[in-house]
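We count ligands from 1, going down the list as the structure has it; atoms in each ligand are counted the same way.
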Amino acid sequence: MRLSVFGVGYVGLITAACFADRGHSVVAVDKDPDVIARLRRGVPGFYEPGLEEMLARNLEASRLTFTTDPEEAVKQSEVVFLCVGTPPRSDGSSDLEQVEEVARSLAPLLNGYRLIVEKSTVPVNTGRLIERTLRLFAPAAASYEVASNPEFLREGSAIHDFLHPDRIVIGADSDRACALLLELYGRDCDCPKVVTDVKTAELIKHASNAFLAAKISFINMVSNLCEELGIDVTTVARGMGLDHRIGGHFLNAGLGFGGSCLPKDLTAFVKIAEDHGVDFTLLRAVEQINEERAGRLLRKIDQALWVVRGKTIGVLGVAFKPETSDIRNAPSLRIITQLKKAGAVLKVYDPQGAQNLQRLYPPDPAFAYAASPYEAAADAHALVIVTEWDEFRSLDLGRIRVLMRTPIIVDGRNLFAPDEMLRKGFEYHSLGRGGIDRETAPLRGLVEPQAASPAAGRG
Ligand code: NAD
C-alpha cells in the first residue's frame, strides 16, 4: 500500500519505518527541514533501540523517503497518517494547532479518495474538526474520510510495540475506511482489533492512558502508607499484581510518571470531562499524587545529607524512562533543578538522555556530565537514582561504595533490596519502604569519608 505520514517525531518515525519494513511504500513528511535532512542520511533525532538499523534498510530499499513537501507525500498515498504533536495548552487542554495545520495543508492536495488517519492522541471529536477543515479547504470534487487509529507504543520498546501490539483500535465511520485499515494491519497483525466509530476510538486512547497513570499513582499512594507502617511496597505490589484482574505492570512505586504522553493526556482527559460537566475528581487526585513524588524524593535527599549546599551529588538517570533519550516532562528535570537551586554540585549520568539535558544545562564548575555511573559516584556525598536503566540494576556496588565520599544512595526507583544495601555498607533510602529506611539511619554517623584515587572515578 502507498502511505504517507505527517510528523516524524517519535510516533511518526516509528510508524513510517515499521510500515516500510513491512513492505509498504511510505513517504514521511515533516515541516522541520533539519529533521528531514538528517533522516535522509538515516540519522534519527532520538534514541530508540533498533531504529537506526530499520531506517537504514528501508532507505536502502527505497521503501521509505522523507520530504518537507506535503504534495509529494499526498499525491500518491491512499492512506495519510497524522502523527504531529498535540502538546498541552496552559489550561490543560490539547493544543491542536499542528493537527489543524496539516489538515489545511492537505485539503487542497486531495485529488482522489484519501483516508486521513489520526494517530496523534487527540480529544474526542477531533476527527469531526479535521473533516470540517477538509470540507472548508478541499476542492469540491475531493473524496476523503477521516479515521482514528490511536497509537499505544511505549518509547524504549516502540518498534516491538508497533509490530506486536496488544490490540489495534480502528475508529472508522464507513465500511470503506474500516476495510482499508483492516487490510493495512490485517496481513501482519493477529492481535485483537477493536473496530468502532471515530469518537469511541479517540476516547479509548485517553481512557487507556488515564488508567495507566491511575495505576501508578495508586501504588504511589499505597507506598506513602507503607512508609509510615514499615511495610515494603514492592511486596505489596507483587501480592496485588499476581491477581490477573489487577496485573503487575505499572505497579512500581517510585518517582511517578513523566514523558510527553501520560501527564499531558491525563490533564487533557480531565479537561474534556470537566468541559462536559462530568466529575473526574478521581483523575485530579491521580495528577496530584504524581506531582508530589519528586518533592518526596527531594525531602529524602535533604534528610540524608542534612545540608545540601556544597555537597556533591551523583545523579543516575535523566531520561523519563529507560531505553529512551526523551527527557520531556522527566521527573529528573525537577530534581536536578531543585538540587542545583539548593547549591549542590551535580554529576549527572544517563546512557542516552544526557545530551538533551545539556541543551538546558550546559556543563559548568558545579554541573558536570559523567561518562559512566562510576564517574558520577566518584567523590559524591550521595548518589540519587532517577531512571530505572538496567545498567543501574547491575552496578558493581562494591566499586561504587569505595568511590563515594559517603555511601548514601537515594533511590527513586526502588532498584535494590534495602537489607542487601545495608549489608553492602550503604545508607539506602528508597520510596515506600520507610521502616527499612529507618533501620539504616543510625549508619549515617558511622560513615567515614572514603579516599578515592582520582583514576578510580573513570570508566
Ligand atoms: P513529536 O513532538 O516528537 O513529533 C511531532 C512532529 O510533528 C515534529 O517533528 C514536528 O516538526 C512535526 N510537525 C508539526 N507540524 C507539522 C506539519 N504541519 N507538517 C509536518 N510535520 C509537522 O511528537 P510525538 O511524541 O511523536 O507525538 C505525536 C503524537 O502521538 C502526539 O499526539 C502524542 O501524544 C501521540 N503519542 C505519542 C507517543 C510517544 O510515546 N511519544 C505514544 C503514543 C501517542
May I have the step-by-step check of ring pair (Phe, Tyr, Trp, His ring centres under 6.0 Å) for Y10 and F46, ending in yes or no? CA-CA 8 Å; Y10 285 81; F46 53 88; 4.0 Å; yes
Distance to 0.1 Å, residue and atom name: give those for the protein heavy atom nearest to atom 21 (N) of ligand 1. K31 N, 3.4 Å
So which heavy atom in the protein is nearest atom 36 (N) of ligand 1, and how far is it from that ligand atom? V11 CG2, 3.4 Å
Heavy-atom pairs closer than 4.0 Å: do any link ligand 1 to the side chain of S260, the backbone, both, or neither? side chain
shortest atom 12 (C) of ligand 1-to-protein heavy-atom contact is with D30 OD2, 3.1 Å
Answer yes when E78 and R2 have at least one side-chain N-carboxylate O distance shorter than 4.0 Å, and no when they do not. no
Would you confirm whether E227, through its side chain, and G432, through its main-chain N or O, come within 3.5 Å as a donor-acceptor pair? yes
Protein heavy-atom partner closest to atom 7 (O) of ligand 1 - residue, atom, separation in Å: G7 CA, 3.4 Å
May I ask you to identify, for C83, whether its side chain, its backbone, both or neither come under 4.0 Å of ligand 1 on a heavy-atom basis? backbone
Under-4.0 Å salt bridge between E48 and R154: no
Can you tell me which residue and heavy atom of the protein come closest to atom 24 (P) of ligand 1, and the distance to 0.1 Å? Y10 N, 4.0 Å
Where do T324 and G156 come nearest, in terms of heavy atoms and distance? CB-N, 4.4 Å
Relative to atom 4 (O) of ligand 1, which among P87, S94, G9 owns the nearest non-hydrogen atom? G9
T86 N/O under 3.5 Å from ligand 1 N/O: yes
Polar contact flag for R328 and ligand 1 (N/O pairs, less than 3.5 Å): yes
Pick from V84, T121, V29: the one approaching atom 28 (C) of ligand 1 most closely through a non-hydrogen atom: V84
Would D364 and K340 pass as an ion pair if we require N to O under 4.0 Å? yes
Looking at ligand 1, would R154 count as a contact under a 4.0 Å heavy-atom criterion? no
Taking atom 5 (C) of ligand 1 as the reference point, the nearest protein heavy atom with its distance: G85 N, 3.6 Å
Measure the shortest side-chain to side-chain distance between V318 and N356 over non-hydrogen atoms and say whether it is less than 4.5 angstrom. no
How far is atom 34 (O) of ligand 1 from its nearest protein heavy atom, and which residue and atom name does that atom have? K264 NZ, 2.6 Å
Polar contact flag for D265 and ligand 1 (N/O pairs, less than 3.5 Å): no
Check step by step if salt bridge (charged side-chain N to carboxylate O under 4.0 Å, His left out) holds for D302 and R299. CA-CA 5 Å; D302 208 41; R299 278 195 299 280; over 6 Å; no
E118 bridged to K205 by N-O distance under 4.0 Å: no
Near K205, which atoms of ligand 1 are under 4.0 Å from a heavy atom of that residue? 43 (C)
Give the atoms of ligand 1, by number and element, whose distance to some non-hydrogen atom of C261 is under 4.0 Å. 36 (N), 37 (C), 38 (C), 39 (C), 40 (O), 41 (N), 42 (C)
Those atoms of ligand 1 less than 4.0 Å from some heavy atom in Q98: 7 (O), 13 (N), 14 (C), 15 (N)
For E155, counting its heavy atoms only, list the atoms of ligand 1 lying under 4.0 Å from any of them. 39 (C), 40 (O), 41 (N)
Any side-chain donor paired with an acceptor under 3.5 Å for R296 and N220? no
4.0 Å heavy-atom contact, V102 with ligand 1: yes
For E101, the ligand 1 atoms whose distance to one of its heavy atoms is below 4.0 Å: 18 (N)
Would you call E388-K321 a salt bridge at under 4.0 Å N-O? no
Among all protein heavy atoms, pick out the one at the shortest distance from atom 43 (C) of ligand 1; state its residue, atom name and that distance to 0.1 Å. E151 O, 3.3 Å
Any non-hydrogen side-chain atom of R293 less than 4.5 Å from a side-chain atom of F257? no
Identify whether the distance between the nearest side-chain nitrogen and carboxylate oxygen of E100 and R104 falls below 4.0 Å. yes
